[in-house]
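Inspection log for the structure reproduced underneath, given as structure tokens.
Whatever order the structure lists ligands and atoms in, that order sets their numbers, starting from 1. Keep in mind that this is a model prediction, so the values were computed, not measured.
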Amino acid sequence: MSGETISQMVGRLLDGRATARANVEAALSRLTEHGSYNSLISTCEQRALQRADQIDQSLRKEPGRAGRLAGVPFVAKDNFLSFGAPTTAASKMLRNFQAPYQATVIERLEAEGAICVAKSNLDAFAHGSSTENSDFGPTLNPHDKSRVPGGSSGGSAAAVALGSVPFALGTDTGGSVRLPASFCGVVGYKPTYGLLSRFGVVAMASSTDVVGTLSRSAGDAALLVDVMSGRDPHDATTLDRPSDLRYKGGLRPLNVGLIEEFMGPEVDPAVKAAIENTCQKLARMGHRVNKVSLASLPLALAVYYIVVPAEISSNLARYDGIRYGYSAPRAASLEATYGLSRDQGFNAENKRRILIGTYVLSSGYIEAYYQKAQTVRTKLINDFKAAFKRFDFLIGPVAPATAFKLGQNTKDPLKMYLTDVMTVGASMAGLPAVSLPAGSDPAGLPIGAQLIGPQLSDGKLLQLAQDMEGVN
Ligand code: GLN
């Protein structure tokens with residue numbers, strides 16, 4: 001049901017006003033109804049209905065005893081390995097790939113009774129900011145079909161914004177949860193690096209990849225991270241689950257820093273006004289907002305587009321046309337199989353990143369590019385640390401402008417990359433961040449406000465976000 005939160009949905013199931021089957025059927029019919037937005041790559045209808053029936057059956061046997069997400073349908077970005085449909089990463093390379101196991105986060109959601117009903121569209125291998133790099137065609141923005149939903153988790157954000165499912169899974173390597181959340185007007189949460197397992201998620205850049213959520217409320221994001229977090233023996237970077245992930249209500253007055261570098265003249269006036277309004281709201285809530293400058297933050301984009309392609313070139317090396325995925329037909333030799341499969345399986349943006357990444361790692365250039373970028377990355381991390389000595393949280397926009405027109409940035413990759421200028425900083429430093437709906441521009445397009453916290457402040461960050469939702 002459109003507008004319903006996860007706990008309301010579970011509540012209806014527990015007191016017998018709904019069944020898991022009815023929830024799944026309703027979600028699937030809403031997703032079909034909104035088919036023209038192209039938010040999905042596939043549905044997992046058969047498996048979803050089977051799981052729903054199992055949940056209904058066990059509820060009949062033991063009424064009142066159910067998981068925290070019992071019968072709640074969700075959509076997973078198609079770079080999560082899952083059963084019931086292929087896992088394509090929106091790339092021709094994996095078009096018919098059937099996952100042999102499921103991502104840890106999907107397993108944990110299922111253990112609490114959630115039901116994956118569909119796999120959502122993305123930029124192929126999550127390389128992009130608009131979903132226009134999908135090999136399955138772009139997703140359209142729910143607020144204006146001539147515009148992009150943001151990316152790369154555009155399909156997940158659109159599905160939630162359209163009211164088809166209460167939540168969706170996304171991944172955020174440099175903003176891919178926060179940007180589409182902002183462009184579509186939903187809550188997008190990117191956890192501290194390592195809080196959620198990356199096992200069974202198609203790797204993009206392993207030092208910044210995180211699993212994130214798209215939901216209607218910050219409370220739902222808090223519930224979901226509580227369900228999914230905790231160490232995973234399959235992902236050595238996972239952290240122990242902090243004890244304070246759930247809302248306890250009432251924060252003491254906080255110091256919030258408004259990032260000066262993100263409020264310059266190049267930022268759309270409607271976006272700036274929305275952020276200023278959000279700061280006033282924080283002040284009305286009793287928090288103190290002051291400007292803060294992070295000198296190295298404007299360099300984060302250049303650092304990102306060196307380090308991330310370097311990691312991409314290494315992670316994508318496994319697609320060789322032999323082990324799994326697309327294999328070029330009629331290749332005359334092993335060498336030709338590698339070459340043709342990669343040439344035909346990867347799209348132009350994937351190849352651009354492989355080329356850049358290979359270049360910055362190659363002998364003679366590694367010092368000038370990759371190592372220099374890592375030095376600046378350390379400086380950026382230290383600048384954030386210094387800011388968090390004075391401030392509990394930082395605030396700024398998610399992007400310099402609202403959703404752009406389809407095709408507007410596709411001919412100029414650098415213009416597309418500039419969309420990420422405000423999200424990549426938190427990614428390079430592994431910090432938790434959330435994109436919250438903060439009004440709209442004169443054309444009615446949503447604007448997101450971004451709150452960034454120190455590592456492992458996730459519980460408190462989402463607590464502040466929940467408090468803000470209750471204030472006009
Ligand atoms: N838009 C950014 C990029 O193209 C971020 C992508 C992501 O977070 N997956 O790299």
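Interface of Tyr304 with ligand 1, defined as ligand atoms under 4.0 Å from a residue heavy atom, comprises 2 (C), 3 (C), 5 (C), 6 (C), 10 (O). Every atom of ligand 1 with a heavy atom of Gly175 under 4.0 Å away is listed here by number and element: 8 (O). In the vicinity of Ser152, heavy-atom distances shorter than 4.0 Å reach the ligand 1 atoms 9 (N). Ligand-side atoms of ligand 1 in range of Thr173: 7 (C), 8 (O), 9 (N), range being under 4.0 angstrom from any heavy atom. The ligand atoms of ligand 1 that sit less than 4.0 angstrom from a heavy atom of Gly174 are 5 (C), 7 (C), 8 (O).
Backbone and side-chain nitrogen or oxygen atoms of Met204 are examined, and none is located within less than 3.5 angstrom of a nitrogen or oxygen of ligand 1. The distance criterion of under 3.5 Å between nitrogen or oxygen atoms is not met by Val308 with respect to ligand 1.
Without hydrogens or angle criteria, Asn121 side chain to Ile41 main chain gives no donor-acceptor distance under 3.5 Å. A donor-acceptor distance shorter than 3.5 angstrom exists from the side chain of Arg241 to the backbone of Asp226, with no hydrogens or angles considered.
Under the 30°/60° scheme for interplanar angles, the aromatic rings of Phe125 and His127 are found to be tilted. By the 30° and 60° cut-offs, the orientation of the rings of Tyr319 relative to Tyr324 is perpendicular.
Taking the ring axis of Tyr326 as reference, the NZ or CZ atom of Lys92 stays within 45° of it and closer than 6.0 Å to the ring centre. Figure legend: cation-pi geometry between Lys145 and Tyr37, with NZ or CZ positioned under 6.0 Å from the six-membered ring centre and within 45° of its axis.
The closest protein non-hydrogen atom to atom 7 (C) of ligand 1 is Ser176 OG, 2.4 Å. Scanning all protein heavy atoms for the shortest distance to atom 3 (C) of ligand 1 gives Tyr305 OH, 3.2 Å.
At least one heavy atom of Asp420 lies less than 4.0 angstrom from ligand 1. Note on ligand 1: Asp172 sits in its first shell, one or more heavy atoms being nearer than 4.0 Å.
Of the listed options Arg353, Glu349, Lys190, Arg353 places a heavy atom closest to atom 4 (O) of ligand 1.
When the shell of 6.0 Å around NZ of Lys351 is examined, it contains more than 12 heavy atoms from other residues, nucleotides or ligands. Summarising the local packing, NZ of Lys281 is surrounded by more than 12 heavy atoms from other residues, nucleotides or ligands at distances under 6.0 Å.
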